[in-house]
Amino acid sequence: MNSTYLQLTIHYSPSLPKALQPQSFSFFAKILILIPLPRLTKKYMQQLSSILSRFSEPETLKMAKLGRELRAKGIDVIDLSLGEPDFDTPQHIKDAAKKAIDDNWSHYTPVPGFLDLREAICTKFKRDNNLDYKPENIVASTGAKQSLANVILALVDEGEEVIIPTPYWVTYSELVKIAKGKVVQVDTTMENEFKISPAQLEAAITDKTKLFLFSSPCNPSGSVYSKEELEALAVVFRKHPQVFIISDEIYEYINFIGKHESIAQFADLKERIIIVNGLSKGFAMTGWRLGYIAASVEVAKACEKLQGQFTSGTNSIAQKAAVTALTTDLKPSFEMVDEFTKRKKITMDLVKDIPGIKCFEPQGAFYIFPDVSSYYGKSDGQTIVSNSADFSMYLLNNAHVSSVMGDAFGDPKCVRFSFANSAENIQRAWARIKESLAKLK
Ligand SMILES: Cc1ncc(COP(=O)(O)O)c(C=O)c1O
């Protein structure tokens, strides 16, 4: 029959009302419903916009979902695919949010954010980065992800090139594709600490280049650019005044090698640098959804215009809590970083002990991004591991540890493992990984 069927399988659940329990009609423990859907899928495919075919779902979220599905079946999955601190938001920030609720900060907010929040962000830039910004340079958003989307849509036109050093955070390339820009990947290597060299940057710039997009500290590689390395890139940017630069600094505080350096410190470039930052990582506030940019007034206004049609101003309570987070003691953030430092050491010691894995010691963020390609082509007798997706799936199914395949970050040789999990879980996970990998011959 030339129809599409939607198959719904309803399984027995202990939460069903008594009358529906299997003892009442055990043969009904599984109910199959077949709904004929003639040509529905095809029709919908035709109706959905072409934007959807231009980009993919984040692999990070897909892996987290697969892990949850196995966990729901009772399997003890250890999640090393996580992209967020496993800590709770510090108490004083939560208290500020509770107060904001009681003070009835419950109305629509200005599109770029409350003035006191934008002032607090300026204070933070002066305190942490010695950068001078005014509230009109700042746009707060529903997370750094939205900030990135705003900036990319505000700057990139169809066919314009955006240079992204690999490995990069999964969302960068997809946002450029949504804007119909052209992604120009520049591959970095572990030997070069996963950093783009000035020569590589120079070679990648063409007259169509609109934007350069990078993160330091970098997700997934953990590399952190020094002042000297940024200065060397700045020399190249000075020669190409049409190129804007997005500097994603969301992992600013999670830095294991010293002071955070922003490329915006080079005053002659500052007008075309857009700093993206947010509260998700440094304050353990991923669910609060608060990110921001600092940019020229023109770019900030463009982002405000876009955001005014997409989401309006972000959540009022999160904004008030963010004022407290940004202007008070950073001690809880640095305690969290101390803990990440310990876990990084534990992870590195365990990884060194596994043959065939080459790993760069991260300088920031909370991931390792090892080269696992020596396992490609090997098999445990049942499964052949041919690429990073197979490697991640093999570990999920055999070691019950979730990770994220390197292809998602533009580097097929590597796989990302987070150390934003307890020391105990990290130890258990790597013991299982070691055992599973030993079976690959
Ligand atoms: C490099 C990078 N930039 C931006 C984001 C987005 O952060 P937010 O939670 O503020 O949207 C993430 C989140 O994983 C990230 O890793």
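Hydrogens, waters and symmetry mates play no part in the numbers below; they use all other heavy atoms, side chains included. Numbers for residues simply follow the sequence, beginning at 1. Counting starts at 1 for both ligands and their atoms, following the listed order. A quick note: this is a predicted structure, and the numbers were derived from the prediction, not measured.
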- Query: What does the list of residues with a heavy atom under 4.0 Å from ligand 1 look like, ordered by chain and number?
  - Reply: G143, A144, K145, W169, Y172, N219, D248, I250, Y251, S280, K281, R289

- Item | Pairs meeting criterion salt bridge (Lys or Arg N to Asp or Glu O under 4.0 Å) with involvement of residues 387-409, two or more places apart | none

- Please step through salt bridge (Lys or Arg N to Asp or Glu O under 4.0 Å) for the pair K180 and D157, ending with a clear verdict. CA-CA 7 Å; K180 292 195 173 174; D157 257 329; over 6 Å; no

- Item | Counterpart residues, ring-ring contact (aromatic ring centres under 6.0 Å, His included), relative to W430 (two or more places apart) | F417

- Query: Between F87 and F340, does the ring centre distance come in under 6.0 Å?
  - Reply: yes

- Task: For the pair I196 and Y225, evaluate side-chain contact (heavy atoms from CB on, under 4.5 Å) and give the outcome as yes or no after the intermediate values.
- Result: CA-CA 10 Å; I196 188 172; Y225 285 77; 3.4 Å; yes

- Item | Set of side-chain contact (heavy atoms from CB on, under 4.5 Å) partners for D103, sequence neighbours left out | K99, W105

